[in-house]
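Counting starts at 1 for both ligands and their atoms, in listed order.
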Amino acid sequence: KPEKPTNNTTKQSSWVSPDWLTSLAQSLSIGKDDSNIPIANAKLEDVSELLGGALFLPLFKWMQEYGPIYRLAAGPRNFVVVSDPAIAKHVLRNYGKYAKGLVAEVSEFLFGSGFAIAEGQLWTVRRRAVVPSLHKTYLSVIVDRVFCKCAERLVEKLKTNALNGSAVNMEENFSQLTLDVIGLALFNYNFDSLTTDSPVIDAVYTSLKEAEARSTDLLPYWKINALCKIIPRQIKAEKAVTLIRKTVEELINKCKEIVESEGERINEEEYVNETDPSILRFLLASREEVSSIQLRDDLLSMLVAGHETTGSVLTWTAYLLSKDPSSLSKAQEEVDRVLQGRSPTYEDIKNLKFLTRCINESLRLYPHPPVLLRRAQVADVLPGNYKVNPGQDIMISVYNIHHSPQVWDRAEVFVPERFDLDGPMPNETNTDFRFIPFSGGPRKCIGDQFALLEAIVALAIFVQHMDFELVPDQNISMTTGATIHTENGLYMKVSQRQTKSAFAASSSSSR
Ligand code: HEM
């Protein structure tokens, strides 16, 4: 299997900022800082932690020392770090004043003009074009045709581990599961990464790894085209991106031919094509005026945004449940009662209340990404009378907000019931930005419903068929990236549960 990527897109450095001289001056406290923002003086060991480890952990330490807003002044690096819901709300909602900034710089080689990093009119137009594809009918079809099918295949695979007693890296398996899901849901393409290796899968992981590496490179040499042609890492990355792009372009061309030969057009509000319910098919049938390149980059944006994130949610939820046997039993009892041994339908999801809260609580404790980045476009005053200058890079530490004792009772404890079981799905609006796993404001995640449904279905089918426990004495440490992931994998021993399921009784029977 390809090596698991460790993404570090959060570990940005401000040398790429056009205002880096201002940043340096502020970092060194040259001139009077009238922003009212306390300056955190990072010690040498903290800086090395920032470069090599899990970024959000020192950020949390400094929040305890300097409060909910501070300037991180470490050499030429200068970020305003925000750990307060009201300030986060202000920055995230005022998209006109705060652009995406650094994230775009390190991932442009992969996303191209994709709308996850685009700004201005291009972003507005493309987001408006893509969002309608994720409608309720599409989601209900995908639950059955993609989420359940892929999760059932994972369980089939795990049965071998259950039989021979071998330890299994669940992080790797969840990552493969979510890659298979997103490939099918986006372009009706089966990566089949749960059971096979392929150059395209390798290419996906290589390019994710490259985005991570770029975010921590001290010299952005990859901005110089000539160097990219001779440095082995860049040659490898370019080859990977070329292969992914070519694969997606071929899928687009094939789908375009079919749509055109059938004269297909969207003829109802929640349109789904029976034979190919993918987002690509929807977008082509909508006959939007868009170039194939833009479409390719938009789909790639969604592939990357929707893959590791959901995989990591499943990884950490399984981890939390393995540490809390009473919550695991509760989740299994609920799944057995609601599903009676079958796989879930879209309608079942609302009844898997406790399981859903386990996922919400996992997203609180392990938000992906743990920090959000923005760059001020104009001078602004943040709530609390903190001044920021144009060009200022801002890190909203979702991890800090979600772990702050000022914001949450028993902030460090896994308590799924802290979110009312019969209440609405917790989000940024109904928690007033105390809970922001999908961000908030205009650039909020467009895949939140998709991801929650996918995670609920996968977890339901996993706990329905499997008991699991952590392999003892393994070192499960966190590292940062676009998601929080483990440094060495998450190894578990799995065993098959006795269920009434027709699926469990006959592995070959299909839904
Ligand atoms: C944006 C989280 C799954 C597509 C975002 C953002 C967050 C996020 C926090 C906003 C970043 C920011 O404000 O800078 C997550 C989590 C997921 C998940 C935690 C899984 C549990 C998905 C899925 C898709 C997706 C499955 C696609 C089907 C996107 C896109 C954007 C985005 C396209 C960019 C939106 C824009 O800039 O307008 N996601 N996401 N995400 N997400 Fe997700």
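Note: Phe450 and Phe147 meet the aromatic proximity criterion, with ring centroids under 6.0 Å apart. Checked against the 6.0 Å centroid threshold, Phe60 and His402 do not count as a close aromatic pair.
Atom CG in Leu110 sits 7.0 Å away from atom CG in Leu208 (nearest 0.5 Å).
Assignment of Ala185 to the shell around ligand 1 is not supported, since no heavy atom sits closer than 4.0 Å. Not close to ligand 1: His307, with no non-hydrogen atom less than 4.0 angstrom away. Distances shorter than 4.0 angstrom occur between a heavy atom of Lys100 and an atom of ligand 1.
Nearest protein neighbour of atom 42 (N) of ligand 1, counting heavy atoms only, is Cys445 SG, 3.2 Å. Counting protein heavy atoms only, atom 16 (C) of ligand 1 is closest to Phe438 CE2, 3.4 Å. Nearest protein heavy-atom contact of atom 28 (C) of ligand 1 is Ile182 CD1, 4.0 Å. Ranking the protein heavy atoms by distance from atom 23 (C) of ligand 1 puts Gly306 CA, 3.3 Å first.
Using cut-offs of 30° and 60° for the angle between ring planes, the Phe282 and Tyr271 rings count as tilted.
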Which pairs of donor and acceptor atoms, one on a side chain in residues 293-302, lie under 3.5 Å apart (sequence neighbours left out)?
from: Gln294; atom 1: OE1; to: Ser113; atom 2: OG; distance (Å): 2.9
from: Gln294; atom 1: NE2; to: Ser113; atom 2: O; distance (Å): 3.0
from: Gln294; atom 1: NE2; to: Asp298; atom 2: OD1; distance (Å): 3.0
from: Gln294; atom 1: NE2; to: Asp298; atom 2: OD2; distance (Å): 3.4
from: Arg296; atom 1: NH1; to: Glu249; atom 2: OE2; distance (Å): 2.5
from: Asp297; atom 1: OD2; to: Ser113; atom 2: N; distance (Å): 3.0
from: Asp297; atom 1: OD2; to: Ser113; atom 2: OG; distance (Å): 3.2
from: Asp298; atom 1: OD1; to: Phe115; atom 2: N; distance (Å): 3.0
from: Asp298; atom 1: OD2; to: Arg126; atom 2: NE; distance (Å): 2.5
from: Asp298; atom 1: OD2; to: Arg126; atom 2: NH2; distance (Å): 3.0
from: Ser301; atom 1: OG; to: Asp297; atom 2: O; distance (Å): 2.9

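Contact annotation for Val313 and ligand 1: only side-chain heavy atoms (C-beta onward) come within less than 4.0 Å of the ligand. Residue-level proximity to ligand 1 for Pro437 is carried by the backbone, the only part with a heavy atom below 4.0 angstrom. At a 4.0 Å heavy-atom cut-off, ligand 1 touches Arg127 through the side chain alone. Contacts with ligand 1 closer than 4.0 Å are made by no heavy atom of Glu454, backbone or side chain.
Listed by number with element, the atoms of ligand 1 under 4.0 Å from a non-hydrogen atom of Pro369 are 9 (C). Atom numbering of ligand 1 starts at 1 in the shown order; those under 4.0 Å from a heavy atom of Phe115 are 33 (C), 37 (O).
Applying the side-chain hydrogen bond (donor to acceptor under 3.5 Å, both in side chains) rule to Thr275 yields the partners Asn273; only residues at least two apart in sequence or on another chain are considered.
In summary, of the residues considered (Val335, Val338, Val143), a side chain to side chain contact (heavy atoms under 4.5 Å, CB included) with Asp348 occurs for Val338 alone.
Within a 6.0 Å sphere centred on CD of Glu269, heavy atoms belonging to other residues, nucleotides or ligands number 12 at most. Under a cut-off of 6.0 angstrom, the local environment of CZ in Arg128 is sparse, with at most 12 non-hydrogen atoms contributed by other residues, nucleotides or ligands.
Inclusion of His368 in the set of residues having an N or O under 3.5 Å from an N or O of ligand 1 is not warranted. Between Lys444 and ligand 1, not a single N/O pair is under 3.5 Å apart.
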